[in-house]
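As the structure is a computational prediction, the values presented were derived from the model and not from experiment.
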Amino acid sequence: MAFTGLFLITFLIVHAGVNACIFLNDGGETFKDIAHFMSHNWILRFLEIGLFATLILHMIQGLMLWSQNRKARPVAYHVTKANENSKWYSRSMGILGTLLLLFLIMHMAHFFVGTKIALYGGDKPHDLFEEMKTVFSVWYIVALYMVGLIALFWHLLHGFQSAFQTFGLNHKRYTPIIKAMGAGYTVIICLLFALMPLAFYFGWIR
Amino acid sequence: MEHYNMNLTLKIWRQKNSKTAGTLETYNVKDISSEMSFLEMFDVLNEQLIVTGDDPIAFDHDCREGICGQCSMHIDGRAHGPWTNNTTCQLHMRAFKDGDTIVVEPWRSKAFPVIKDLVVDRGAFDRIMQAGGFVSVNTGNAVDANSIPIDKKDADNSFMAASCIGCGACVATCVNSSAMLFVSAKVSQLALLPQGAPERESRVLNMVAQMDKEGFGNCTNTYACEAECPKGISVSNIARMNREYLSAGLSTES
């Protein structure tokens, strides 16, 4: 979980960084250039396969954990006050992950499928910037993206620091730094992503 | 601290044996002193049950001074009750108010089957210890104290890990019933000392293998175990065990 999680965390930096180019407000020119480069570079195509493999592995590991952990307590407690000893989101990674999967299915239908059809079968190059404009002009889609990002926020807030503990890094001096970095990463990534649909919806970007 | 008496409603898990299903039964106790320990309150209740010809409630207890780890009770949704760094025998009735309803359940984990009422079989912990939680030494005369130099920091960390009393609160409180805090404390106490060095690699591999075999869940780093451990064992031990496991797995040949 930790290894695949950290890989996905790294991917999100690239994803957020590239997409943040829309904020240059140049009619999406820079963004389109990078998108074109990314869809026509074989190294990135290769990495994309790795990304999907990692994502699927992350889900399989999650499902295995979920099923093993469920079996480990066949009779449930009548009363538990788990909030007094741990954070709710650290115990809800499976549910948050499932929400993220549902979000991802919607997200890929919006932006991945069209891009790929254009890349391998279409006659004209795909304009991802225009597609973002169209998708994010509908209020309930924007709302669904916000829900997805809220799930991502809590998932990352636990996942980032948890990965380091799994790898055996727990230190009086460095663990607080890792936790602060995880919180900073989570806030920045989620805010950046959240601003994108909002910016299109409210017309901040043209 | 002001002394007071209280009347309580208790909902206690009754289960005949590991084969039958259990239920929560309701009992009332009167004039319980705020200075009693939780187990003394149970003694009062059991006296009542014996007088009325009922089956007294089975529960584990031994030293009653917070060091043996026997008194496994999940009280009002928390392992060992509402106080932190505390065992059930050291939980005093001043933690409760007159008229309170208290729910008492056994540790719940597949690896800790209920033997009767609140008594669970923690033999899984013993088998994990047998798999590697020891050092092999030649018998003979006792070696001089302080003949092996040990860094003070390592000695302190080892001692802190060794303060684990094997009560099972970590498993009971973990949302996944994971035994990682217990196993990591036992691995750490020996991994930090030169005496533990010869068997260092096989120890962590064997103990983790036995842990998995017993049917405990997996650690997802919620850190609930550290919060509920009566001895305040730190989750940094889990990180140390992960390091030990990783490096042992990479370097052993078998």
Side-chain angles (χ1 to χ4, degrees), chain A residues 1-3 5-6 58 60-97 154-176 178-179 182, chain B residues 11 13 15 21-24 74-79 82 84 101-114 169 171-179 212 214-229 234-247:
Chain A
M1 295 259 60
F3 186 79
L6 282 181
H58 194 71
I60 293 172
Q61 288 171 325
L63 282 173
M64 278 170 67
L65 276 184
W66 174 77
S67 103
Q68 284 173 5
N69 292 346
R70 238 167 57 108
K71 279 185 211 137
R73 178 163 294 145
V75 185
Y77 286 109
H78 284 251
V79 185
T80 45
K81 289 185 182 157
N83 282 329
E84 293 180 17
N85 57 39
S86 54
K87 299 270 193 290
W88 71 268
Y89 53 89
S90 75
R91 302 188 308 268
S92 314
M93 291 298 273
I95 291 167
L96 291 170
W154 295 112
H155 199 76
L156 286 175
L157 198 61
H158 176 72
F160 189 100
Q161 54 84 26
S162 176
F164 290 90
Q165 165 82 2
T166 300
F167 281 134
L169 211 152
N170 186 317
H171 191 279
K172 250 189 197 146
R173 195 181 305 143
Y174 303 123
T175 298
I178 289 170
K179 285 191 176 169
Chain B
K11 291 189 171 176
W13 187 258
Q15 184 171 340
T23 51
L24 282 177
H74 205 259
I75 300 160
D76 263 353
R78 302 268 307 267
T84 47
T101 300
I102 308 172
V103 179
V104 187
E105 299 174 74
W107 287 172
R108 295 200 187 280
S109 159
K110 187 180 157 220
F112 289 165
V114 172
V171 175
T173 207
C174 175
V175 68
N176 309 320
S177 299
S178 168
D212 290 341
E214 297 291 348
F216 291 105
N218 305 292
C219 179
T220 55
N221 301 334
T222 70
Y223 309 139
C225 50
E226 180 183 81
E228 296 291 12
C229 174
S234 161
V235 292
S236 63
N237 289 298
I238 296 181
R240 182 181 295 106
M241 179 164 82
N242 289 344
R243 288 199 296 278
E244 293 281 317
Y245 187 80
L246 214 61
S247 82

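Inter-residue side-chain proximity for A:K81 and B:D76 is flagged as met; some heavy-atom pair is nearer than 4.5 Å. Using a 4.5 Å heavy-atom threshold, the side chains of A:K71 and A:Q68 count as separate.
Of the listed residues B:G217, B:A239, B:A79, the one with more heavy-atom pairs under 4.5 angstrom with chain A than any other is B:A239. Interface summary for chain B: among A:S86, A:A72, A:S90, A:A82, the most heavy-atom pairs under 4.5 angstrom belong to A:A72. Most heavy-atom pairs under 4.5 Å with chain A: of the set B:V235, B:N221, B:N237, this distinction falls to B:N221. In terms of heavy-atom pairs under 4.5 Å with chain A, the best-connected choice from B:C174, B:A111, B:A21, B:G215 is B:C174.
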Could you walk me through whether A:M1 and A:M64 pass the side chain to side chain contact (heavy atoms under 4.5 Å, CB included) test, one step at a time? CA-CA 11 Å; A:M1 295 259 60; A:M64 278 170 67; over 6 Å; no
Does the side chain to side chain contact (heavy atoms under 4.5 Å, CB included) test come out yes or no for A:F3 and A:F167, once each step is laid out? CA-CA 8 Å; A:F3 186 79; A:F167 281 134; 3.9 Å; yes
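Residues B:W13 and B:H74 place their aromatic rings such that the two centres sit no closer than 6.0 Å.
With a 4.5 angstrom heavy-atom cutoff, B:V103 touches chain A only via side-chain atoms. Heavy atoms closer than 4.5 Å to chain A are found in both the backbone and the side chain of B:A172. Of the two parts of A:A76, only the backbone, made up of N, CA, C and O, holds a non-hydrogen atom closer than 4.5 Å to a non-hydrogen atom of chain B. Neither the backbone nor the side chain of B:V114 comes within contact range of chain A, judged by heavy atoms closer than 4.5 Å. Heavy atoms of B:C225 lying under 4.5 Å from chain A are absent altogether. For A:H158, the part lying near chain B is the side chain, with the backbone staying farther off; criterion is any non-hydrogen pair under 4.5 Å. Contact annotation for B:Y223: both backbone and side-chain heavy atoms come within less than 4.5 Å of a heavy atom of chain A. Proximity to chain B (any heavy atom under 4.5 Å) is shown, for A:T166, by both the backbone and the side chain. Neither the backbone nor the side chain of A:K172 comes within contact range of chain B; no heavy atoms are under 4.5 Å apart. The part of B:L24 that comes within reach of chain A is its side chain, from C-beta onward, which places non-hydrogen atoms under 4.5 angstrom from that chain. Contacts between B:P82 and chain A at a heavy-atom distance below 4.5 Å are absent for every atom of the residue.
Judged purely by distance below 3.5 Å, without hydrogens or angles, the side chains of B:R243 and A:N170 never pair a donor atom with an acceptor atom. Under the 3.5 Å distance criterion, with hydrogens and angles disregarded, no donor-acceptor pair is assigned to the side chains of B:N218 and B:N176.
Within a 6.0 Å sphere centred on CZ of A:F160, other residues, nucleotides and ligands contribute more than 12 heavy atoms.
Between A:Q161 and A:K179 the shortest heavy-atom distance is OE1-CE, 3.7 Å.
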